[in-house]
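One structure is given below, encoded as structure tokens.
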Amino acid sequence: MPSNPRDGVHSRAIVDADVVIIGAGLSGLVAAAQAYADGKRVAVLDQEPPASVGGQAHWSFGGLFLVNTPEQRRLGVKDSAELALSDWLASAAFDRPEDSWAKQWAEAYVDFAADEKRRWLHSLGVRLFPLVQWAERGGYGPQGHGNTVPRFHVTWGTGPGVVQPFLAKVNEGADRGRISLHFRHRATQITTTAGRVTGVGGEILEASGAGRGEASPSTVVGHFAATAGAVIVTTGGIGGNHALVRRQWPGGSAPDSMLSGVPASVDGEFLAAAAAVGGRLISGDRMWHYPEGIHNHSPVWPSHGIRILPGPSSLWIDATGRQLPAPLFPGFDSLGALRHILASGHGHSWFVCNRTIALKEFALSGSEQNPDLTGKDIRLLASRLSPGSDSPLRLFLDRGVDFLQAATPAELAAKMNQLTGSALIDPARLDSLIHDRDLQVVSGLGKDPQLAAIRAARRFATDKIMRVAPPHRLTDPKQGPLLAVRLSVLTRKSLGGLQTDLRSRVLNDSGVPVPGLYAAGEAAGFGGGGIHGYRALEGTFLGGCLFSGRAAGRDAAASV
């Protein structure tokens, strides 16, 4: 936006910084805390107001991918670094020459997750919920995609609990005059001197009291120049920029309508500035968007969606009423389900279950949707399954636009068609599907692979306690009315980004580090330009920010 003289436009130089970090999300805070701990003076820039510090990590469920932990062992889970790496590589399916660094990052990260990661976080005061969750289960055989065992460790305090120790360290540095925080500073270019990155330039935006995730004014009131011995890019991904998501969607087959799992400020625009000074952007077509999005009944940002983290019992049908094939059960293969749903020619799908299954098996992603875990409130946590508790999930069940309840399949089909303004759901077909599924349950054995998966899941303590309902007829009146939930595509994470070596140095097209330039977090594909390859194993995004942010902070500090 052009400057307006009436706004008091002025220039401002930010000087006396050893390291400049662009972005105050988790990876930026980790890098800043590390560089400060290593004795350097740090400047952190972010285009948003102070309320949004911590970025997307604050909004997250706080899930962390960890391997062979005490929490797993107490639940009887047998895990190892060897098994975890096998799962990772099978899921990532690295198949491009430019994946070489990403694969090295993956190997290093799994070692970190199996050894130092938990001890390091524990030393910082991070604690874990004792019931480990089982996300992204796969189901394609021993060499296929997915987590063989549960590895999704929820932070006690969710996303804010992960952010807090690093934000505290940054605030300590600010109090001591060693870290300067510059909100409403939108970096637009990287500056170089004699071929080395020496700073950034950009615009100062109008001060704003906008709350976390809310839209803030883009009025320019000045310009700034920041100089440093090293610059770390931690500006995040592209999930809030639907136009860019569509341009990068593999095959150009993005759905006509999508929800946003991140604020509009997550726009990916600064990545072009890093590319302009030689940084190599790779794997932009690899993204991690969810097929289980629902409209937030109290949106904070445009098209604000929430993801359902489902248990395995719901029937998952596409927009035309056809059940997704095995092993595309809820919670087993996000990308596979997404591809199958979009191949139907429609952008939405449905969970069909009953109220009992929904209350037992639907978790809502995000710190704000889990006040018990976020607030470390044991009493509130214990009340989750109590009849009549006013939980966020119950609010969605009763008020969410995507949630429909009915006494019979025919009545449910009518409501589904009314919601979408179509006649895609055939009442007779839906009734037949539910009837035949219930016959399989009544048999006590059956040929349905989904029921076999449900029964297998209930052998794991966490699933039996809080995530998987005992098999029962969907039409059993004791289990509440039938329920259909319309699911939309929810944008979330970029799996590609700036290619980096294991020191988080940004590489150019020849594989040579760009002097003075680093990247971490989602801007670097969580490490190497795409540590996840094609598929993520869940709980690996926050961990990727931690691992790559620490590496960037260490090496940037050592380089100046």
Side-chain angles (χ1 to χ4, degrees), residues 63 65-69 71-80 82-84 86-88 90-91 129-154 290-292 308-317 323-337 340 351-354 356-363 385 433-434 436-474 476 479 535-539:
F65 175 94
L66 292 165
V67 178
N68 192 23
T69 63
E71 289 77 18
Q72 287 175 300
R73 293 193 292 271
R74 279 194 291 268
L75 294 168
V77 175
K78 298 176 182 179
D79 200 5
S80 68
E82 180 184 13
L83 180 61
S86 174
D87 286 347
W88 191 296
S91 301
F129 185 59
L131 297 178
V132 183
Q133 309 290 309
W134 198 348
E136 203 63 20
R137 303 179 190 220
Y140 297 96
Q143 294 182 316
H145 151 70
N147 279 302
T148 300
V149 298
R151 298 189 177 105
F152 190 82
H153 296 66
V154 178
Y290 292 110
E292 313 105 329
I308 294 177
L309 287 78
S313 298
S314 296
L315 290 172
W316 199 346
I317 62 176
Q323 186 177 10
L324 273 61
L328 300 182
F329 313 131
F332 279 66
D333 179 3
S334 293
L335 182 60
H340 183 89
F351 283 159
V352 175
C353 58
N354 56 36
T356 292
I357 289 174
L359 289 173
K360 178 84 170 182
E361 298 194 4
F362 288 1
L385 300 179
L433 176 61
I434 293 173
D436 290 346
R437 186 266 186 195
D438 283 356
L439 279 180
Q440 291 291 305
V441 173
V442 172
S443 77
L445 294 172
K447 62 186 178 183
D448 184 352
Q450 184 172 2
L451 286 174
I454 293 167
R455 293 182 177 116
R458 284 181 54 81
R459 293 168 52 198
F460 174 53
T462 297
D463 282 346
K464 186 172 184 178
I465 293 169
M466 62 180 298
R467 294 293 286 135
V468 184
H472 61 270
R473 291 185 297 115
L474 295 182
D476 184 348
Q479 308 300 335
R535 281 183 168 96
L537 286 177
E538 296 295 353

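Just so you know, residue 1 is the first one in the sequence shown, and it goes up from there. All of these numbers come straight from a predicted model, not from anything done at the bench.
His145 has its side chain within reach of Glu136: a pair of non-hydrogen atoms, C-beta onward, lies under 4.5 Å apart. Between Leu537 and Arg535 there is no side-chain heavy-atom pair separated by less than 4.5 Å. Ser313 places none of its side-chain heavy atoms less than 4.5 Å from the side chain of His472. Residues Asn68 and Arg73 are in side-chain contact: their nearest non-hydrogen atoms beyond the backbone lie under 4.5 Å apart.
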Can you list the steps and then say if Leu83 with Lys78 is a side-chain contact (heavy atoms from CB on, under 4.5 Å)?
CA-CA 10 Å; Leu83 180 61; Lys78 298 176 182 179; over 6 Å; no

For side-chain contact (heavy atoms from CB on, under 4.5 Å), just list the numbers for Glu292 and Ser334, CA-CA rounded to whole Å, side-chain angles, deciding distance to a tenth of an Å, and then say yes or no.
CA-CA 9 Å; Glu292 313 105 329; Ser334 293; 4.1 Å; yes

Which is it for Val77 and Glu71 under the side-chain contact (heavy atoms from CB on, under 4.5 Å) test, yes or no, and what are the steps along the way?
CA-CA 9 Å; Val77 175; Glu71 289 77 18; over 6 Å; no

Going through the checks in order, is the side-chain contact (heavy atoms from CB on, under 4.5 Å) test met by Asn147 and Arg137?
CA-CA 5 Å; Asn147 279 302; Arg137 303 179 190 220; over 6 Å; no

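Remark: Ile434 CD1 to Leu439 CG distance equals 12.5 Å, nearest 0.5 Å. The distance from atom NZ of Lys360 to atom CZ of Arg467, rounded to the nearest 0.5 Å, is 10.0 Å. Rounding to the nearest 0.5 angstrom, the gap separating the CG atom in Leu75 from the OG1 atom in Thr462 is 4.5 Å. Atom CD1 in Ile357 sits 5.0 Å away from atom CG in Leu474 (nearest 0.5 Å). Annotation: the span from Arg473 atom CZ to Gln479 atom CD amounts to 9.0 Å, rounded to 0.5 Å. The distance from the CZ atom of Arg459 to the CD1 atom of Ile454 is 14.5 Å, given to the nearest 0.5 Å.
Trp134 approaches Thr148 most closely through the heavy-atom pair CZ2-O, 3.1 Å. When all heavy atoms are compared, the tightest approach of Ala326 to Pro449 is CB-CG, 4.0 Å. Looking at every heavy atom in both residues, Ala84 comes nearest to Val67 through CB-CG2, 3.6 Å. Here the closest heavy-atom approach between residue Phe332 and residue Ala453 is recorded as CZ-CB, 3.9 Å. Closest non-hydrogen pair, Ala337 versus Trp316, comes out as CB-CH2, 3.5 Å.
Put simply, the side chain of Gln133 gets close to the backbone of Leu131: a donor and an acceptor are under 3.5 Å apart. At distances below 3.5 Å, at least one donor-acceptor pair connects side-chain atoms of Gln440 with backbone N or O atoms of Asp448. Here the side chain of Arg455 pairs a donor or acceptor atom with the backbone of Leu445 at under 3.5 angstrom. Within the 3.5 Å criterion, the main-chain N or O of Val468 finds no donor-acceptor partner in the side chain of Asp463. The backbone N or O of Gly146 lies less than 3.5 Å from a partner atom in the side chain of Ser91, making a donor-acceptor pair.
Between Phe362 and Phe351, the ring planes are tilted. Angles from 30° to 60° get that label. Using a 30° and 60° split on the angle between ring planes, Trp88 and Phe65 fall in the perpendicular class, above 60°.
A donor-acceptor contact under 3.5 angstrom links the side chains of Gln72 and Asp79, judged on distance only. In this model, a donor atom of one side chain and an acceptor atom of the other lie less than 3.5 Å apart for Gln450 and Gln323. Between the side chains of His153 and Thr69, at least one donor N or O lies within less than 3.5 Å of an accepting N or O.
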